[in-house]
Amino acid sequence: MSTAPSPAPSARAGSIPSPTRSVPAARTLADPDTPFAVVDAHRTRRNIARLRDRADRLKVALRPHVKTAKSPDAAALLHDGSPGPVTVSTLAEAEAFADAGHRDITYAVGIEPRKLPRAIALSRRGVTLRVLLDSTEQAAFVAAAARESGTVLPALIEIDCDGHRGGLRPDAPGLTGIGRVLHEAGCLDGVLTHAGESYFRHTAEEQREAARNERDAAVAAAVRLRAAGLPVATVSVGSTPTAHAADDLTGVTELRAGNYVFFDLVMAGLGVCDLDDLALSVVVTVIGHRPEYGWIVTDGGWMAMSRDRGTAAQAQDQGYGLVADLSGALIPGLVMTAASQEHGTLTARDGAVLPDLPIGTRLRVLPNHACATAAQHHGYHVIDGSRGEVAAPAVESYWPRVSGW
């Protein structure tokens, strides 16, 4: 890797144009203006390898969700440098990853009619873009669009495994009717489910049970469709907690997860990962003190961290994030407990002494929700944590985010 980041991603085949703003060269984390996002590539690679190995043991394909990083440079680590199957949550992501050479994409948010022209355009570029739906109405307009355009629009029927969000229950009366509408237009690809309630399962056994329930719901729906004479090629399950808890995925064809690439405090609070696995942080600078309140003030508020307070529902509320020094070593008891748009407030808890941090001190804050925090930034300054703790880690490269700006 180079010692200074470039404003453009690596010039491999299908690479994305550089971001619209310039990225000043930075040699260490002491150089860029704060706040900015940092990714530890060593931890990222380790997190990726962990789930890849698990999917291999369970004998299922892995379809990572790229909504967290939104970066082809990060995605290049998922499939050993080659474009592979991915999941997206917006059509902008689908288009950006298609530009980067990905040809097997699942758009895992319910489709609506005005988005179909963009889906058809991707199909005409040679991209297999699976769309998601859970109603007869959606099935009818997908089928009609496929016939009228003469393109293939593979569709997945969303299955509700835990009442968390959208989808049909596996025993819903309308399931086979939806499947038939899609099949007659050549669009039925399979079923997909997501155990959203797994983010509120706080023990390993509860997470294993969520994984079993997720699998059973998807497989039951596939069995019903097949019994009705309908083809089911894809049986897709996944969330970061259940992907790491599953011990038997018989009947499943693919596993989806996204947060695991970076992990975050919510996942650490659930026991899915350790704090040492968190690959994303935000660098902020101390800009003031309010000793009468026990506050240290920084230049990173919720615009840098997001408003997500996901750990508030856990046994240990981590505020807006745990605080580390610039090397990444956690500062005992120091938490970002409040945030306004551009200001973060750090306080001491659990009897810790508020550290003496002069104005100008740089800190790294570990986020509650990596997906939400990543979305606040244009890209990532990349470091290699395997080199050991140093006062100001070297910046190895810069990974732009290419969609959702």
Quiz item: Using 30° and 60° as the class limits, which term best fits the ring planes of Tyr380 and Trp399: parallel, tilted or perpendicular?
Solution: perpendicular

Self-check item: side-chain hydrogen bond (donor to acceptor under 3.5 Å, both in side chains) against Arg212, all qualifying residues, sequence neighbours excluded
Solution: Glu205, Glu209

Quiz item: Rounded to the nearest 0.5 Å, what separation is found between the OG1 atom of Thr240 and the CG atom of Asn47?
Solution: 10.0 Å

Self-check item: Intermediate values then yes/no, side chain to side chain contact (heavy atoms under 4.5 Å, CB included), Leu225 and Ile157
Solution: CA-CA 10 Å; Leu225 289 166; Ile157 302 174; 4.3 Å; yes

Quiz item: Do Glu93 and Lys70 meet the salt-bridge criterion of a basic N to acidic O distance under 4.0 Å?
Solution: yes

Quiz item: Can you find a pair of side-chain heavy atoms, one from Lys59 and one from Thr253, that are under 4.5 Å apart?
Solution: no

Exercise. Please list all pairs passing the side chain to side chain donor-acceptor pair (under 3.5 Å) test where one or both residues lie in residues 157-180, with sequence neighbours left out.
Key: His164-Glu197

Practice problem: Assign the ring pair Phe263 / His244 to parallel, tilted or perpendicular, where the plane angle (0 to 90°) is split at 30° and 60°. | Solution: tilted

Quiz item: Counting only N and O atoms by type, is there a donor-acceptor contact under 3.5 Å from the side chain of Arg54 to the main-chain atoms of Ala246?
Solution: yes

Exercise. Before accepting this row, confirm whether a basic side-chain N of the pair Asp277/Arg46 lies closer than 4.0 Å to the acidic partner's carboxylate O.
Key: yes

Practice problem: Using a 4.5 Å cut-off on heavy atoms from C-beta on, say whether the side chain of Ser327 contacts that of Val390. | Solution: no

Quiz item: What's the verdict on ring pair (Phe, Tyr, Trp, His ring centres under 6.0 Å) for His377 and Phe36, showing C-alpha distance, side-chain angles and the deciding distance?
Solution: CA-CA 7 Å; His377 298 271; Phe36 61 89; 8.5 Å; no

Self-check item: side chain to side chain contact (heavy atoms under 4.5 Å, CB included) evaluation trace for Val365 with Leu322
Solution: CA-CA 6 Å; Val365 184; Leu322 295 182; over 6 Å; no

Self-check item: Minimum-distance pair of heavy atoms, taken over all atoms of Ala339 and Tyr320
Solution: N-CE1, 3.8 Å

Quiz item: Looking only at atom types and distance, does a side-chain atom of Thr106 sit under 3.5 Å from a main-chain N or O of Ala108, one as donor and one as acceptor?
Solution: no

Quiz prompt | Pairwise side-chain contact, Leu354 with Leu346, heavy-atom cut-off 4.5 Å (strictly under) | solution = no

Quiz prompt | Electrostatic pair Arg125:Asp99 at N-O distance under 4.0 angstrom | solution = yes

Exercise. Check whether any side-chain N or O of Asp384 sits under 3.5 Å from a backbone N or O of Ala41 as a donor-acceptor pair, and report yes or no.
Key: no

Self-check item: Minimum heavy-atom distance between Arg215 and Leu249, given as atom pair plus value
Solution: CD-CA, 4.0 Å

Quiz prompt | Side chains of Asp189 and Leu182 in contact at under 4.5 Å (non-hydrogen atoms) | solution = no

Practice problem: Mind checking salt bridge (charged side-chain N to carboxylate O under 4.0 Å, His left out) for Asp216 and listing every partner two or more places apart, or none if nothing turns up? | Solution: none

Quiz item: Got a second to check how far Leu133's CG is from Cys187's SG, nearest 0.5 Å?
Solution: 9.0 Å

Self-check item: Under 3.5 Å donor-acceptor, His194 side chain and Gly238 backbone
Solution: yes

Quiz item: Regarding Thr203 and Gln207, is there a side-chain donor-to-acceptor distance under 3.5 Å anywhere?
Solution: no

Quiz item: Asp56: what forms a salt bridge (charged side-chain N to carboxylate O under 4.0 Å, His left out) with it, not counting sequence neighbours?
Solution: none

Quiz item: Does Asp134 use its side chain to pair, donor to acceptor, with the backbone of Leu168 at less than 3.5 Å?
Solution: no

Quiz item: Looking only at heavy atoms, which two atoms of Pro241 and Leu270 are closest? And how far apart?
Solution: CG-CD1, 4.2 Å

Self-check item: Shortest non-hydrogen contact between Leu153 and Ala145, atoms and distance
Solution: CD1-CB, 4.1 Å

Exercise. Applying side chain to side chain contact (heavy atoms under 4.5 Å, CB included), run through Arg362 and Val284 and close with a yes or a no.
Key: CA-CA 6 Å; Arg362 291 196 166 202; Val284 301; over 6 Å; no

Quiz item: Side chains of Ser123 and Thr151: is there a donor and an acceptor less than 3.5 Å apart?
Solution: no

Quiz item: When you measure from the side chain of Arg226 to the backbone N and O of Val232, does any donor-acceptor pair fall under 3.5 Å?
Solution: yes

Quiz item: Distance-only, no hydrogens or angles: does the Arg43 side chain make a donor-acceptor pair with backbone N or O of Leu278 under 3.5 Å?
Solution: yes

Self-check item: Test applied, side chain to side chain contact (heavy atoms under 4.5 Å, CB included); reference residue, Leu363; option that passes from Ile331, Leu326, Val282
Solution: Ile331

With a 3.5 Å cut-off and sequence neighbours excluded, list the donor-acceptor pairs that the side chains of residues 369-376 form with protein atoms.
{"residue": "His369", "atom": "ND1", "partner": "Asp308", "partner atom": "OD2", "Å": "2.9"}
{"residue": "Thr373", "atom": "OG1", "partner": "Met305", "partner atom": "O", "Å": "2.7"}
{"residue": "Thr373", "atom": "OG1", "partner": "His369", "partner atom": "O", "Å": "3.3"}
{"residue": "Gln376", "atom": "NE2", "partner": "Met303", "partner atom": "O", "Å": "3.1"}

Practice problem: State, yes or no, whether a side-chain contact exists between Arg256 and Pro64 at a heavy-atom distance under 4.5 Å. | Solution: no

Quiz item: What distance do Asn368 atom CG and Gln314 atom CD have between them, rounded to the nearest 0.5 Å?
Solution: 8.0 Å

Practice problem: Compute whether any side-chain donor of one residue and acceptor of the other, for Thr193 and Glu214, lie under 3.5 angstrom apart. | Solution: no

Exercise. Report, as yes or no, whether the 6.0 Å neighbourhood of atom CD on Gln316 holds more than 12 heavy atoms from other residues, nucleotides or ligands.
Key: yes

Practice problem: Please report the C-alpha distance between Phe262 and Thr44 in whole Å, then the side-chain angles of each, then the deciding distance to 0.1 Å, and finally whether the side chain to side chain contact (heavy atoms under 4.5 Å, CB included) criterion is met. | Solution: CA-CA 6 Å; Phe262 292 162; Thr44 299; 4.0 Å; yes

Quiz item: Tell me the side chain to side chain donor-acceptor pair (under 3.5 Å) pairs involving residues 332-341, sequence neighbours left out?
Solution: Thr337-Thr347

Practice problem: Find out whether His378 and Arg401 are in side-chain contact, i.e. whether some heavy atom of one side chain is under 4.5 Å from a heavy atom of the other. | Solution: no

Quiz item: Would a distance-only check, ignoring hydrogens and angles, find a side-chain to backbone donor-acceptor pair under 3.5 Å from Asp31 to Ala26?
Solution: no

Quiz prompt | Point-to-point distance, once rounded to the nearest 0.5 Å, from CG of Leu58 to OG1 of Thr250 | solution = 9.0 Å

Quiz item: Quick one: do the Gln138 and Ser135 side chains pair a donor with an acceptor below 3.5 Å?
Solution: yes

Practice problem: Answer yes if the side chains of Arg103 and Thr128 hold a donor-acceptor pair under 3.5 Å, and no otherwise. | Solution: no

Quiz item: Are Ser198 and Thr242 close enough that a side-chain donor and a side-chain acceptor fall under 3.5 Å?
Solution: no

Practice problem: For Asn259 and Thr68, test the side chains for any donor-to-acceptor distance below 3.5 angstrom and give the result as yes or no. | Solution: no

Quiz item: Does Asp274 reach the main-chain N or O of Asp276 with its side chain, forming a donor-acceptor pair under 3.5 Å?
Solution: no

Quiz item: Is there a donor-acceptor pair under 3.5 Å between the side chain of His79 and the backbone N or O of Pro85?
Solution: yes

Quiz item: Does any non-hydrogen side-chain atom of Glu342 lie less than 4.5 Å from one of Asp299?
Solution: no

Quiz item: What heavy-atom pair brings Ala143 and Ala185 nearest, and what distance separates the two atoms?
Solution: CB-CB, 3.5 Å

Self-check item: Nearest heavy-atom neighbours spanning Leu255 and Ala55
Solution: CD2-CB, 4.5 Å

Self-check item: Close side-chain approach of Tyr107 and Leu129, heavy atoms under 4.5 Å
Solution: yes

